[in-house]
Amino acid sequence: MVQSKKAWKRIIADAMAAYAREKGIEAAMPAAEHIVAERPPRPDLGDLGFPMFPYAKLFRTAPAQLAGALASKVQSPARAGRLGEASAEGPYLNVRLDRAAEVASLLAAASAESWGRVDSLAGKKVMIEFSSPNTNKPLHLGHLRNDVIGESLARTMAAAGASLRKINHPNDRGVHICKSMLAYMAYGEGRTPKDEGLKGDHFVGKYYVLFNTLKAERPSAEEEAQELLRKWEAGDADVLELWGRMKTWVLEGIRATYRRTGIDFDLYDFESETYQLGKDEVVKGLERGVFYREEDGSVWANLEDIGLDRKVFLRKDGTSLYITQDIGTAISRHGNWPYDRLIYVVGNEQQYHFKVLFETLKRLGFEWASDLHHLAYGMVNLPSGRMKTREGTVVDADDLIDELALLAAKEIEEKGREDAVGDVDAVAEKVALGALHYYLLQTSPVKDMLYDPEQSLSFTGDTGPYIQYMGARASSILRKHEAGEGRAHAGAADPALLSGDADWELVKRVAAFPEAIEGAALSMEPSVLANYLHDLAADFATWYRDNPVLTNADADLAATRLELVRATKRSFERAAYLLCVPFLESM
RNA sequence: GCGUUCGUAGCUCAGCUGGAUAGAGCGACGGACUUCGAAUCCGUAGGUCGCAGGUUCGACUCCUGUCGGACGCACCA
């Protein structure tokens with residue numbers, strides 16, 4: 001279908017050129033790739049629509065008249081290429097594709113191993129940094145959004161041909177880490193997560209919260225935390241030992257959550273290992289006049305000329321800051337693996353930071369600074385407002401998934417699906433993840449979103465489970481066929497049989513899968529794919545209800561529709577994978 | 001105060017690089033299971049796309065202003 005669209009643009013461009021010659025018009029004609037194609041609002045108007053408004057004044061002809069003139073010019077090349085036919089529909093040149101030809105090419109493409117891969121980003125190296133948790137507490141709902149955006153985007157860009165490197169840049173140093181250490185020293189009595197029967201991240205997180213208690217009991221606690229940080233930076237053996245121990249606990253816990261949600265990384269790039277980076281670059285930049293030194297010795301950049309502020313890059317004692325480090329990591333990453341793009345999946349509260357970072361790298365003379373991209377995502381709010389640690393309104397990632405899985409298991413039991421499903425808990429877990437991930441990806445990343453626990457626990461409507469259910473229904477039909485049931489065995493597939501309107505609508509939807517991947521990959525918006533998948537599921541639901549496959553009286557039609565089900569299922573599977581929604585054969 | 005960003009149906013969200021009557025889901029109401037699994041399907045009701053200008057043959061989409069919300073403007077990360 002993508003090919004046909006391109007071919008039509010070519011044909012129309014040629015027809016315009018010919019028409020221009022006839023009319024003696026010298027003006028430059030639009031290039032084929034610039035001709036806009038759209039979907040007519042109603043199926044009976046055709047499969048593709050080309051508005052003629054933009055070319056009216058070029059030809060000094062009314063759009064409707066132009067559409068008419070081009071329609072006749074276009075017929076013979078279209079027929080020759082089995083591309084269907086064109087007609088003027090008011091000011092639009094509309095195209096009805098050759099259904100049999102399109103069905104044949106779709107069924108062939110969808111059965112190929114390459115189905116679900118496009119080449120829009122072929123040869124590109126994309127590095128993506130996401131998740132990057134603090135190593136003093138477990139993951140919460142906000143991380144889940146970050147994680148699934150990053151993972152889904154990585155998968156999608158890889159499907160679009162890019163080679164990906166996924167990086168986790170945990171924040172494992174700083175005063176907040178020291179606070180959990182201090183509280184552990186005060187209350188931990190040498191206990192381990194095992195002793196308390198807690199997951200490592202929850203265990204350490206507990207002490208981080210206990211720091212507030214400590215502070216109430218001991219007013220010097222804040223200062224002690226600062227002192228601990230100084231010792232850490234000085235390399236104090238005892239401090240480093242405890243730091244390492246607690247960090248390991250947290251990471252074990254967080255990694256368990258990643259395993260559960262299907263998130264993984266090519267590289268862990270700890271801040272404790274990179275925080276010294278960037279200083280040299282700042283010194284070099286100082287010599288070149290990119291930075292200036294204040295009287296107290298601190299080093300600054302003045303970005304006021306582009307409407308930003310002045311920003312510190314080195315403290316007066318010469319130590320580095322967050323932004324200094326980011327300068328260093330960007331440079332060293334580019335040195336190790338020269339990327340065509342580096343995407344930072346980081347909350348939108350850091351937009352200013354990245355603006356300054358990118359601008360500074362540009363001023364330092366790195367031409368690849370324009371390849372850096374901050375994928376800013378919005379906050380996840382609750383109906384009651386913001387999540388706040390102090391108010392205990394943070395939705396813990398593990399607890400949330402547990403709760404969802406429990407509910408899914410109950411649903412399976414209520415429907416009496418235990419036997420059909422096999423391992424109830426395993427399937428319930430996948431339904432839970434499908435519900436969660438789809439919910440988080442449905443909304444475009446830039447927007448703040450509302451997380452309504454009750455609504456997210458509902459499995460009806462525009463949800464992950466709905467999509468999984470449709471995938472399972474498609475699988476079920478194929479399974480029955482494999483088991484020898486149905487009439488498809490007695491027939492032979494013939495693409496021409498799917499020319500009826502009902503089949504055609506589903507064919508078009510399935511065929512649009514590659515375009516959805518391309519759209520999501522280029523715009524870096526997993527929600528594009530999420531919306532596509534929902535449309536696919538909804539179209540399939542309507543279709544299979546009214547159009548018998550295995551039970552069809554016509555064996556050839558049964559066999560052909562079976563192929564369409566197969567193509568649909570493969571699209572479900574691959575699209576769901578890209579969205580981190582587990583595919584289920586049965587649920 | 002300055003900057004960034006969001007503002008579409010009662011609620012949660014779509015709406016592709018501006019194009020033909022603005023779409024889903026939830027909720028409400030009414031239908032469909034001796035028929036490939038009803039976590040489903042079909043129908044009805046519900047919107048002056050925050051507001052006001054501007055650009056354009058054409059604006060939910062671009063520009064300006066304005067109102068409202070969120071976030072940011074640390075020698076924290």
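Letters A, B, ... are given to chains in the order of the sequence lines, protein chains preceding strands, and every chain is numbered from 1.
Taking the side chain of A:Lys480 as heavy atoms from C-beta on, and the options B:C6, B:C36, B:U4, the nearest nucleotide is B:C36. Of all nucleotides listed (B:A14, B:A20, B:C36), B:A14 comes nearest to the side chain of A:Asn531. Here the side chain of A:Arg417 is nearest to one of B:C42, B:G37, B:A14, namely B:G37. In the set B:A77, B:U40, B:A20, the nucleotide with an atom closest to the side chain of A:Pro40 is B:A20. Among the nucleotides B:A38, B:A39, B:U8, the one closest to the side chain of A:Lys415 is B:A39. Here B:A14 is the nucleotide among B:U40, B:G37, B:A14 with the atom lying nearest to any side-chain atom of A:Ser444. Residue A:Glu411 has its side chain nearest to B:A39 when only B:A39, B:A70, B:G37 are considered. When distances are taken from the side chain of A:Thr542 to each of B:A20, B:G37, B:C42, the shortest belongs to B:C42. Relative to the side chain of A:Phe53, the nucleotides B:G72, B:G19, B:A70 differ in distance, and B:G19 lies closest. Between B:A20, B:A39, B:G37, one nucleotide has an atom nearer to the side chain of A:Arg479 than all others, and that is B:G37.
Base orientation of B:C60: anti, the glycosidic angle falling outside 90° of 0.
Remark: side-chain polar atoms of A:His169 are paired, donor with acceptor, to backbone N or O of A:Asp269 under 3.5 angstrom. At distances below 3.5 Å, not a single donor-acceptor pair connects side-chain atoms of A:Glu515 with backbone N or O atoms of A:Met1. For the pair A:Asn134 (side chain) and A:Asn136 (backbone), a donor-acceptor distance under 3.5 Å is absent. A donor-acceptor pair under 3.5 Å is absent between the side-chain atoms of A:Asn348 and the main chain of A:Met379, judged by distance alone. Under the 3.5 Å distance criterion, the side-chain polar atoms of A:Asn94 are matched with a main-chain donor or acceptor of A:Leu45. Looking only at distances, a side-chain donor or acceptor of A:Ser320 sits under 3.5 Å from a matching main-chain atom of A:Tyr275.
Judged by atom type and distance alone, A:Asp309 does not reach the base of B:A74 through any side-chain donor-acceptor pair under 3.5 Å.
When heavy atoms are screened at a 4.0 angstrom cut-off, A:Glu349 is found touching the sugar-phosphate backbone but no base atom. Residue contacts shown for A:Pro91 are absent, as no nucleic acid heavy atom lies under 4.0 Å away. If you check every strand for non-hydrogen atoms under 4.0 Å, A:Ala56 touches nothing. If you check every strand for non-hydrogen atoms under 4.0 Å, A:Ile412 touches a base. Contact annotation for A:Tyr544: base contact, defined as any heavy-atom pair under 4.0 Å involving a base atom. As judged by a 4.0 angstrom heavy-atom cut-off over every strand, A:Asn547 is placed among the base-contacting residues. A:Ser476 comes within 4.0 angstrom of a base, heavy atoms only.
With C1' as the reference atom, B:C42 and B:G47 are 23 Å apart, rounded to whole Å. Taking atom P in both B:C71 and B:A24, the straight-line distance is 34 Å, to the nearest Å. A distance of about 24 Å separates the C1' atoms of B:A39 and B:U44, rounded to the whole Å. Nucleotides B:G31 and B:C57, compared at atom C1', are 45 Å apart to the nearest Å. B:U4 and B:U56 have their P atoms separated by 26 Å, given to the nearest Å. As rounded to the nearest Å, B:A70 and B:A28 have C1' atoms that lie 32 Å from one another. Separation of the C1' atoms belonging to B:C26 and B:A9 is 12 Å when rounded to the nearest angstrom. Rounded to whole Å, the P atom of B:C33 lies 24 Å from the corresponding atom of B:A45.
Rounded to the nearest 0.5 Å, atoms CG (A:Leu562) and CD1 (A:Ile477) are 8.5 Å apart. In this structure, CD on A:Glu224 lies 8.5 Å from CZ on A:Phe211, to the nearest 0.5 angstrom.
In this structure, B:A24 and B:U12 make a Watson-Crick or G-U wobble pair, each of the two defining distances being under 3.5 angstrom. Remark: B:C73 base-pairs with B:G1; criterion is Watson-Crick or G-U wobble with both hydrogen-bond distances under 3.5 Å. The partner of B:A39 is absent, by the rule that a Watson-Crick or G-U pair needs both atom distances under 3.5 Å. Pair check for B:C62 finds B:G54; Watson-Crick or G-U wobble, both atom distances under 3.5 Å. In a base pair of the Watson-Crick type (N1 to N3 plus N6-O4 or O6-N4) or a G-U wobble (N1-O2 and O6-N3), with each distance short of 3.5 Å, B:G7 is matched with B:C67.
Heavy-atom minimum distance, A:Ser272 versus A:Lys247: OG-NZ, 3.8 Å.
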Could you go over nucleotides 61-68 of chain B and give all protein N or O partners under 3.5 Å, atom names and distances?
none

Mind listing the N/O atom pairs, protein and nucleotides 23-31 of chain B, below 3.5 Å?
residue	atom	partner	partner atom	Å
B:G25	O2'	A:Asp462	N	3.1

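Under the 6.0 Å cut-off for aromatic ring centres, A:Phe270 and A:Trp243 do not qualify, their centroids lying 6.0 Å or more apart. A ring-centre distance under 6.0 Å is found for A:Phe53 and A:Tyr92.
Contact annotation: A:Tyr322 does not reach the phosphate of B:A77 (side-chain N/O to OP1 or OP2, under 4.0 Å). In this model, the phosphate group of B:A74 is not approached by any side-chain N or O of A:Lys311 to a distance below 4.0 Å at OP1 or OP2.
By the stacking rule of 5.5 Å between ring centres and under 30° between planes, A:Tyr466 does not stack on the base of B:A39. Put simply, A:Tyr92 rests on the base of B:A20: the two rings are less than 5.5 Å apart at their centres and nearly parallel, under 30°.
A salt bridge is defined here as a Lys NZ or Arg NE, NH1 or NH2 lying under 4.0 Å from an Asp or Glu carboxylate O, and A:Glu482 with A:Arg479 fails to meet this definition. A salt bridge links A:Lys508 with A:Glu505; the closest basic N to acidic carboxylate O contact falls under 4.0 Å.
Judged by closest nucleotide on RNA chain B, A:Arg386 is the one of A:Arg386 and A:Asn171 placed further toward the 5' end. With the nearest nucleotide of RNA chain B identified for both A:Ile477 and A:Leu314, A:Ile477 has the one nearer the 5' end.
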